[in-house]
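Residue numbers start from 1 in every chain, and the chains themselves are labelled A, B, ... in the order their sequence lines are given, proteins ahead of strands. Model, not experiment: these values are computed from the prediction.
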Amino acid sequence: MSARIRRSWLVVPMSKAEQIVRASRSGADVIVLDLVEFVAEEDKPAARERVQAAIRTAHAGGAEVFAQVDPEMLVADLHACAWPGLTGVIVSRLESPQQVAEVNGLLAELEVRRGILHGALEIVAALETARGNHAAYDIGCASPRIRGLTLGRADLIMDLRPEPSGEIHLMPYLMQRLIGVARALGVTPIGAWWRAPARGLLAGPDDTYHAARRGRAIGFTGSLCIDVNQVEPLNRGFTPDDAEAAAANELITAYRAGVARGVALSEQGDRLVDRGAAAQSLALLDRAAACAARDREKAEMAGRQ
Amino acid sequence: MATPQVRRSGLTMPVVTRRFVDHAWRRGCDFINLDLEDSVPQHLKAHARGLIKDAIPIVRKGGAEAFTRINHDHVHADLEAIVWPGLSKVNYPKAESAEEIRLLDDVITRLERERGIRPGTVEIGANIETATGVAAAYDIASASPRVKEFGGGSGYDMSRDLGVEMFVGFEQFAYGKGELELAARALGLQVRAAPFVANTTGSVSDADRAFGEAQAARKCGFRLGGGLNPAVVEPQNRGFTPTAEEVEDARWVLERHRELAGTGDTWIVIDGRVIDRYEAARARDTLEWAALCAERDREKAVAVLRTRAAMAEPTPPTSA
């Protein structure tokens, strides 16, 4: 599966559309135009009006653009968002396959009406409630548009609090469950392994880097964030670093040398070298190359500004 | 969800041990769980059943709720003997299927009708203590509206069934506990869970440890306690009740959150702390819980005074 590189998903509230210019220069792989989480109820109509222009601005730095929509306000939110240039929508607090079907139908209709390639708009399912997580597999199966699953702000929405160990209660279980379900469905698990106290809105660059690095270790490929200063640490944490790439190269070299001697299983230092280890190293190098290509692409786009 | 019962502390005791039952009302418990199961020897099961009806009012004299833990394999005989006015809950051990819970519900429904108990009064505690129970968690928890709280997935039976050790320094039940808690939350039930605190001793009477665990659980948002030794009752009551500082802090959070209205901002950072709708919801929760705890403590104090007066026993100068 060669999915797009989407390490950092920077959320910009559409009530603060002025932040979009700075966001477009942040280096984010994805910019998420939010109509749900950070927009006060009374500001929503005005926020919706700003989405179409924001899509254009957000693209300037080479980011893909998603919109975050409310399953309780699908018609209004999707009409405001489904314009050419949009890659897809994150649907907050999804709880059932029926809701996915509704999103799917509305997107299909808007694609026809607005000259968007049929089936192009993607759905990321934000499973932020217990019901949503309980139904994760069925939700993920409900539309071919679903390309990602995320816990979003489940810790806040489900009121999961820090344990004495620093882990957020239940999150290690929920993360592993989500990642397992996502991989079983062949879609991308989106998130990072945040720990208390510095998480979410309060996480500094270091906390964010470690959340990304831990997150990558358990299978996440990119995470949502709210602060432009969290973008670079996410990009870095979700990209294999030079030391990892060097180790992978060495392992592959050793594996090939072994195969040339007629040996499929050997040791390199105290590491096992076999087909599985070599395949994993190749995947890591592929991922590193794809990340580098994505960074070049964004740099070119930003350079044209 | 209806107003939750306050069940911070409770003692499980063999109903055949007369002195435990007689003194239960003095312990300050929110509930007493009269046991017919593991703490009652096989040859005393029939005798034990016959004691429950009279034990219920005795253990309630201090304002505690009365529960009974029945035997997984003697459902009919046990239920006939225990569903009497004053019983709040039947704890059913080693629940493994929704059918079992539906059977309990049917029998309890009939007994409530026959014995003049308001329909729906008696809850079912579906205790998951086996891997099979974990696999059927959601079906079990949703099998009857009498199941109001759900969780668990640890303890001696679970550890024996899974073949894991009991007192280790890490969370050995992570998967099962997660499954049960997710089911409870998905169904909107009270969650019986606790944050992980390493326990390598297995002590059931360590008051400091009980307080520490209750406090950690409260800070994680959990409210349900219980134990085996009277020494842990007061620490649990204290540990699960919000402190005066927490109540004051909750009011402060709500004021700061109210000030956000109409500003266009949905959150603000004050002194390194995020104030948003989630913090506000949590603060409202804390205030509501503190009020419920205070109400429960008043009820228990009144019950104790009434009982002492009836016994013409002098009231000691202080009471827990």
Side-chain angles (χ1 to χ4, degrees), chain A residues 11 13-18 34-44 46-47 95-96 127-136 153-178 180 196-204 226-227, chain B residues 137-138 141-142 151 153 169-171 173-189 191 193-198 212-213 215-222 260-286:
Chain A
V11 177
M14 279 299 89
S15 50
K16 312 253 170 193
E18 69 279 3
D34 173 46
L35 290 173
V36 187
E37 266 298 308
F38 301 98
V39 182
E41 217 50 53
E42 64 272 20
D43 297 332
K44 289 196 175 178
E95 295 201 317
S96 72
L127 308 177
E128 299 173 294
T129 65
R131 284 170 50 127
N133 279 282
H134 179 72
R153 303 189 97 202
D155 55 335
L156 297 170
I157 291 165
M158 292 172 66
D159 196 21
L160 304 173
R161 310 182 194 184
E163 296 199 352
S165 66
E167 294 298 346
I168 313 298
H169 178 77
L170 202 64
M171 287 303 281
Y173 162 81
L174 288 173
M175 289 190 291
Q176 294 214 353
R177 189 178 195 275
L178 183 96
R199 57 182 172 133
L201 298 170
L202 293 179
I226 182 70
D227 188 318
Chain B
Y138 188 89
S142 59
F170 60 91
E171 177 59 279
F173 299 113
Y175 171 77
K177 281 169 129 177
E179 287 284 290
L180 302 193
E181 185 171 340
L182 183 61
R185 288 175 178 272
L187 290 161
L189 306 179
V191 179
F196 175 69
V197 180
E213 284 183 350
Q215 198 178 32
R218 179 186 85 240
K219 289 183 174 174
C220 243
F222 301 116
L260 279 177
T263 62
D265 286 316
T266 56
W267 57 284
I268 184 172
V269 177
I270 302 174
D271 299 334
R273 181 168 170 197
V274 176
I275 305 293
D276 59 10
R277 61 180 144 141
Y278 302 109
E279 279 296 315
R282 187 174 286 192
R284 277 190 290 274
D285 227 42
T286 299

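- Only the side chain of B/Val269 comes within contact range of chain A, judged by heavy atoms closer than 4.5 Å.
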For side chain to side chain contact (heavy atoms under 4.5 Å, CB included), just list the numbers for A/Leu201 and A/Phe38, CA-CA rounded to whole Å, side-chain angles, deciding distance to a tenth of an Å, and then say yes or no. CA-CA 11 Å; A/Leu201 298 170; A/Phe38 301 98; 4.0 Å; yes

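- Interface remark: of the candidates A/Gln176, A/Arg153, A/Glu42, A/Arg153 forms the most heavy-atom pairs closer than 4.5 Å to chain B.
- For the set B/Arg273, B/Lys219, B/Glu279, B/Lys177, the count of heavy-atom pairs under 4.5 angstrom toward chain A peaks at B/Lys219.
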Might you work through the side chain to side chain contact (heavy atoms under 4.5 Å, CB included) test for A/Tyr173 and A/Met175, ending with a clear yes or no? CA-CA 6 Å; A/Tyr173 162 81; A/Met175 289 190 291; over 6 Å; no

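- Between the CD1 atom in A/Ile157 and the CG atom in A/Leu127 there is a gap of 10.5 Å [rounded to 0.5 Å].
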Report the C-alpha distance between B/Asp276 and B/Thr266 in whole Å, list the side-chain angles of each, state the deciding distance to 0.1 Å, and finish with yes or no for side chain to side chain contact (heavy atoms under 4.5 Å, CB included). CA-CA 6 Å; B/Asp276 59 10; B/Thr266 56; over 6 Å; no

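- Options B/Arg185, B/Arg277, B/Arg282 differ in how many heavy-atom pairs under 4.5 Å they form with chain A, and the most are formed by B/Arg282.
- Taking 4.5 Å as the limit, some side-chain heavy atom of A/Pro164 sits within range of a side-chain heavy atom of B/Pro195.
- Shown here is B/Tyr175, whose OH atom has no more than 12 heavy atoms of other residues, nucleotides or ligands within 6.0 Å.
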Tell me, with the steps shown, if A/Lys16 and A/Glu18 meet side chain to side chain contact (heavy atoms under 4.5 Å, CB included). CA-CA 5 Å; A/Lys16 312 253 170 193; A/Glu18 69 279 3; 3.9 Å; yes

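- Both the backbone and the side chain of A/Leu156 have a heavy atom closer than 4.5 Å to some heavy atom of chain B.
- Of all the listed residues (A/Arg131, A/His134, A/Glu37), the one sharing the greatest number of non-hydrogen pairs under 4.5 Å with chain B is A/His134.
- When the candidates B/Asp285, B/Val197, B/Asp265 are compared by the number of heavy-atom contacts under 4.5 Å with chain A, B/Asp265 comes out ahead.
- Comparing B/Gly264, B/Ala217, B/Ala194, B/Cys220 by how many heavy-atom pairs each has under 4.5 Å with chain A, the most go to B/Cys220.
- For B/Phe222, the ring pair (Phe, Tyr, Trp, His ring centres under 6.0 Å) test picks out A/His169, with sequence neighbours left out.
- B/Glu179 touches chain A through backbone and side chain together, each having a heavy atom under 4.5 Å away.
- Both the backbone and the side chain of A/Asp159 come within less than 4.5 Å of a heavy atom of chain B.
- A/Leu174 touches chain B through its side chain: at least one heavy atom from C-beta onward sits under 4.5 Å away, while N, CA, C and O do not.
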